[in-house]
Amino acid sequence: MSLRIPELQVMLPRASEISRTQQVQMQENVQRQQEFASQMATQAQQAESTVHHTPPGDRAQIRDQQEGKKKRENEERRAGKSAEGENKENMSQTNKKGDFMIDIVV
């Protein structure tokens with residue numbers, strides 16, 4: 001493919017114009033990325049410096065959940081102790097009869 005001189009004269013200014021527009025676009029992209037990075041940095045810094053308070057209603061709900069969990073654990077312990085006492089009584093009665101019973105609790 002051969003180029004004539006008038007075609008070459010038209011193409012050279014366009015090539016330089018295209019390279020300029022590409023440089024401008026690349027610079028804009030870099031600038032946008034830098035702005036985004038700086039915004040993210042300021043948001044992170046602001047999030048670290050501010051204290052987030054939980055509403056009073058949420059605190060009460062968490063406290064109620066914790067108290068309920070403690071109550072359930074206490075009830076399970078009491079039930080375990082009473083079950084152990086019943087097991088001892090049952091074993092003493094079965095030992096008197098001469099039968100042996102083994103309880104396995106999982």
Side-chain angles (χ1 to χ4, degrees):
M1 179 172 150
S2 63
L3 293 174
R4 297 182 187 154
I5 293 179
E7 291 175 350
L8 187 60
Q9 288 175 346
V10 171
M11 288 177 62
L12 285 176
R14 287 186 181 173
S16 63
E17 184 181 329
I18 290 172
S19 67
R20 286 184 200 143
T21 56
Q22 287 178 347
Q23 280 182 335
V24 168
Q25 288 176 350
M26 290 184 69
Q27 287 175 352
E28 287 177 356
N29 289 337
V30 169
Q31 188 177 14
R32 286 182 190 152
Q33 289 176 350
Q34 288 175 348
E35 287 178 19
F36 181 72
S38 66
Q39 287 176 355
M40 293 300 290
T42 55
Q43 286 179 357
Q45 187 179 16
Q46 188 178 20
E48 288 177 2
S49 64
T50 58
V51 178
H52 299 285
H53 298 286
T54 57
D58 291 344
R59 289 184 189 154
Q61 185 178 16
I62 293 170
R63 189 178 322 118
D64 291 342
Q65 289 174 353
Q66 291 172 348
E67 289 175 0
K69 184 177 179 181
K70 286 180 184 178
K71 286 180 183 178
R72 277 185 263 131
E73 289 175 357
N74 288 337
E75 290 174 1
E76 289 175 2
R77 287 182 190 157
R78 290 179 192 154
K81 288 181 182 178
S82 64
E84 287 177 10
E86 292 175 3
N87 286 342
K88 288 180 183 177
E89 291 176 7
N90 290 339
M91 286 186 67
S92 63
Q93 291 175 359
T94 56
N95 287 339
K96 292 178 184 174
K97 296 178 186 175
D99 297 331
F100 294 101
M101 180 182 279
I102 298 175
D103 289 332
I104 298 175
V105 179
V106 180

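Heavy atoms only: backbone and side chains are in, while hydrogens, waters and symmetry mates are out. As the structure is a computational prediction, the values presented were derived from the model and not from experiment.
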- [ ] Could I get the full list of side chain to side chain contact (heavy atoms under 4.5 Å, CB included) partners for R14, not counting sequence neighbours?
- [x] V10
Which side-chain N or O atoms in residues 32-48 pair as donor and acceptor under 3.5 Å with protein atoms at least two apart or in another chain?
residue	atom	partner	partner atom	Å
S38	OG	Q34	O	3.4
S38	OG	E35	O	2.8
T42	OG1	S38	O	3.2
T42	OG1	Q39	O	2.7

Open item on the list: Can you list everything that forms a side chain to side chain contact (heavy atoms under 4.5 Å, CB included) with K71? Sequence neighbours excluded, please.
Closed with: none
Task: Test side chain to side chain contact (heavy atoms under 4.5 Å, CB included) applied to E7 - qualifying residues, sequence neighbours left out - done: L3, R4
TODO: Output, in order, the C-alpha distance, side-chain angles, deciding distance and verdict of side-chain contact (heavy atoms from CB on, under 4.5 Å) for M26 and Q22.
DONE: CA-CA 6 Å; M26 290 184 69; Q22 287 178 347; 5.5 Å; no
Task: Distance (rounded to the nearest 0.5 Å) between Q27 CD and N29 CG - done: 10.5 Å
